[in-house]
J.: 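Quick one: this structure, given as C-alpha cells, is what I'll be asking you about.
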Protein chains: 2
Amino acid sequence: MIRVSIFEDNKHLRETFLFLLNTSEGFTCTGAYADCSTMLEDIAANPCDVVLMDIEMPGMNGIEATKLVKEHFPKINILIQTVFFEDEYIFNAICAGASGYILKSTTPEGYLDAIKNVQSGGSPMTPGIARRVLELFKTNLQPAKPARVYDLTAQEKKVLKLLVEGKSYKMIAAALYVSFDTIKSHISNIYSKLHVHSGTEAVSLALRNKLV
Amino acid sequence: MIRVSIFEDNKHLRETFLFLLNTSEGFTCTGAYADCSTMLEDIAANPCDVVLMDIEMPGMNGIEATKLVKEHFPKINILIQTVFFEDEYIFNAICAGASGYILKSTTPEGYLDAIKNVQSGGSPMTPGIARRVLELFKTNLQPAKPARVYDLTAQEKKVLKLLVEGKSYKMIAAALYVSFDTIKSHISNIYSKLHVHSGTEAVSLALRNKLV
DNA sequence: TCTTTTATAACGAAAACGGGGGAGATGTAA
DNA sequence: TTACATCTCCCCCGTTTTCGTTATAAAAGA
C-alpha cells in the first residue's frame, strides 16, 4: 500500500486525484492540500511515502516545497506534476530533490504507474521531459574529465588533498604523521609535477582539473 | 515504420533482436552487426532512425561508437542497452549523446516501447537508471550556486580572482596598478569576510563556491 | 549633514612558504 | 645485481605571506 499526499491548488484536480488513489488497488491518499502553508505539519501528522506536488501554487511554489520536504523527510519520494515544460523548472525541480517529473497531460493510469515507479526507486518522467533532462545534463556538464593524472603518487595526492582543504604544511605533517620537512619535500615534488610554484596555483589547478 | 540498426556482439541476442524487430508491426531492422569496425559505412549504406547499441563490445565500445555516430549522423537516436548499472557508464553514455539507456533485463515489449519512445522524442530509461541520472545531475550540477556572496566588494573580487589564478601579492598589485600594501589590506579583508586564514583556503573556497 | 563603507597606503613582526642541496630506507623493475 | 622511484628526514637561505595597527580621501547612504 503506497501512501500518497497531494499538494494541488486546483480543487477539481485535487479531488480527482484523491478519488483515483482511494479507488485504486495498492494506493491510499493520506492527505490532499490546496497549498503548502502547513505542509510540514500536515505530513508529520499524516505520514506518506510519495508526495504528488504541483509546481504552480499560491504561496510557496512546488519547487520550494520540494526542497523543504526533502530537508525534513528525506525518504519521501516527490513526484512533480505540472503543465510547464520548461528547462528552468525541470532543472530546479531536480536540484530541489524531486524524483519524478510528469506533465498533467498524463493519463490516470500514467499517474498510478508513475507513483508506483517512483516508490520502487525509479524516476518516472514524461518522455519529452526525460529528453530535456539528458540535454541539460550534456550541455551543463560537458567535458567529464581531462583525466590527466600528472603522475602524482598516492602520498602526493593525500598531501595535495589536504593542501586543497586549506591546511598548512604543519597541519598536513601532523595529519599524515610525518615531519614538516617531509611535507615540504612532497609539496616541492608536487609543484614540479604540476608545473606550478605556489600553493594557490596548485589548489586552483587541482580543483579545476578535479585532481581531488 | 521505424528503421533500427543493431550493434551487439552476442550472436544469440543479436539475432533475437533482429527477429523481434522484423516480426513486429512498425519496425524494421536495417542491419545487425557484431562490432563497430565498419559502423559508419554500415549506417551510410543502410540508413536508420534508431541505433540499438551495446556498450561492451570487442574493439570500439558502445560509448565511443555513440559519439562517432552522433558526429556523423546527428539525427539518429541512440538507445544504449547494457548489463552495466554504473554511474561512470551512464554518465559517459549521456555525454556521448545517447538518448536512452536501458538494461538488458528489459522485456521484448519493453525494448519495442523504448525504441518507439526514443524515436518520438523521448528518452526511455530503466527506472533505476533514471534515478541515477537525476542523482548525477544533482550532485554534479549544483543549482546555479549563488549560495552566498560573502559581500565581497568589486575590488576584492578582482583581487580574489587574481589570487585564484596563482598570482603573488606583488603581481596582483602590478596588475591592478596599486601598491603592495593595498593588496595586503584587501586580502586581509577578504580573508576576514571569507573566514579563512590562507591563500590556499581562500582559493579553495572561491572555486568550490564559484565565487570567481 | 554626519556616518559608514571602500579603496588606498604604510610600518613592523612573526609565521609560513619556496627552493636548493643532501641522504638513508624501502621496494620494484630491468 | 643494478637501477629507479618513493618516502622519509635534515639543513640553510631568502622571500612571501599573514596579522597587527593606523590613517587619509573619496564615495555612498542615512
Side-chain angles (χ1 to χ4, degrees), chain A residues 144-212, chain B residues 88 142 144-212:
Chain A
K145 249 194 180 185
R148 276 189 62 187
V149 185
Y150 290 98
D151 297 315
L152 293 184
T153 68
Q155 193 74 348
E156 285 165 355
K157 281 181 199 164
K158 279 188 207 166
V159 173
L160 180 56
K161 186 164 156 41
L162 290 164
L163 194 65
V164 167
E165 286 169 15
K167 303 281 198 296
S168 69
Y169 287 20
K170 211 181 283 182
M171 293 160 82
I172 298 174
L176 297 180
Y177 305 108
V178 295
S179 81
F180 179 81
D181 279 298
T182 299
I183 296 306
K184 277 181 61 175
S185 174
H186 283 313
I187 288 191
S188 176
N189 291 330
I190 292 171
Y191 287 1
S192 94
K193 286 184 182 178
L194 263 48
H195 304 296
V196 298
H197 306 86
S198 74
T200 54
E201 270 190 284
V203 168
S204 182
L205 194 147
L207 285 176
R208 288 185 202 281
N209 294 352
K210 302 197 206 297
L211 296 187
V212 291
Chain B
E88 192 70 11
Q142 317 80 315
K145 201 61 176 182
R148 287 177 57 188
V149 185
Y150 290 100
D151 297 316
L152 293 185
T153 68
Q155 193 74 348
E156 284 166 356
K157 280 181 198 163
K158 278 188 208 166
V159 173
L160 180 56
K161 187 163 156 42
L162 290 164
L163 194 66
V164 168
E165 285 168 15
K167 303 282 197 298
S168 70
Y169 287 20
K170 212 181 284 183
M171 294 161 81
I172 297 174
L176 298 180
Y177 305 109
V178 295
S179 82
F180 178 80
D181 281 301
T182 298
I183 297 304
K184 278 173 57 179
S185 177
H186 282 313
I187 289 192
S188 176
N189 290 329
I190 292 171
Y191 286 2
S192 95
K193 285 184 182 177
L194 262 48
H195 303 296
V196 298
H197 307 86
S198 73
T200 53
E201 264 189 288
V203 169
S204 180
L205 194 146
L207 286 175
R208 287 186 202 281
N209 294 350
K210 305 199 200 299
L211 297 186
V212 292

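Naming: A, B, ... by sequence-line order, numbering from 1 per chain. Please read these numbers as outputs of a predicted model, since none were measured by experiment.
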J.: By side chain to side chain donor-acceptor pair (under 3.5 Å), which residues pair with B:Gln155, not counting sequence neighbours?
T.: none
J.: One character per nucleotide, please: for nucleotides 3-18 of chain D, 5' to 3', B when the base has a protein heavy atom closer than 4.0 Å, S when only the sugar-phosphate does, - otherwise.
T.: ---SSBBBBB---SBB
J.: Hey, what are the protein-to-nucleotides 26-30 of chain D N/O distances that come in under 3.5 Å?
T.:
none

J.: Roughly how many Å is it from CD1 in B:Ile172 to P in C:dT8, rounded to a whole number?
T.: 13 Å
J.: Can you list the residues that meet the side chain to side chain contact (heavy atoms under 4.5 Å, CB included) rule with A:Val196, with sequence neighbours excluded?
T.: A:Tyr191, A:Leu194, A:Glu201, A:Ala202, A:Leu205
J.: In chain order, what residues pass the side chain to side chain contact (heavy atoms under 4.5 Å, CB included) check against B:Ser188, with sequence neighbours excluded?
T.: none
J.: How far does NZ of B:Lys193 sit from OG1 of B:Thr153, to the nearest 0.5 angstrom?
T.: 5.0 Å
J.: With sequence neighbours excluded, tell me which residues meet side chain to side chain donor-acceptor pair (under 3.5 Å) with B:Ser198.
T.: B:Thr200
J.: Mind listing the side-chain donor-acceptor pairs of residues 173-185 of chain A below 3.5 Å, one per line with the distance, residues two or more places apart or on another chain?
T.:
{"residue": "A:Ser179", "atom": "OG", "partner": "A:Asp181", "partner atom": "N", "Å": "3.4"}
{"residue": "A:Ser179", "atom": "OG", "partner": "A:Thr182", "partner atom": "N", "Å": "3.2"}
{"residue": "A:Ser179", "atom": "OG", "partner": "A:Thr182", "partner atom": "OG1", "Å": "3.1"}

J.: Indicate for each nucleotide in nucleotides 24-30 of chain C, in 5' to 3' sequence, whether protein heavy atoms under 4.0 Å reach the base (B), only the sugar-phosphate (S), or nothing (-).
T.: -------
J.: Enter the distance from B:Leu163:CG to B:Ile187:CD1 here, rounded to the nearest 0.5 Å.
T.: 5.0 Å
J.: Taking only residues two or more places apart in sequence or in another chain, which ones pass side chain to side chain contact (heavy atoms under 4.5 Å, CB included) with A:Lys167?
T.: A:Leu162, A:Glu165, A:Met171, A:Ile172
J.: Would you give the length of the straight line joining atom NE2 of A:His186 to atom CG of A:Leu160, rounded to the nearest 0.5 angstrom?
T.: 12.5 Å
J.: Taking all non-hydrogen atoms of both residues, which atom of B:Lys157 and which atom of B:Leu152 are closest, and how far apart?
T.: CE-O, 3.6 Å
J.: Tell me: CD1 of A:Ile190 to C1' of C:dG19, nearest whole Å?
T.: 15 Å
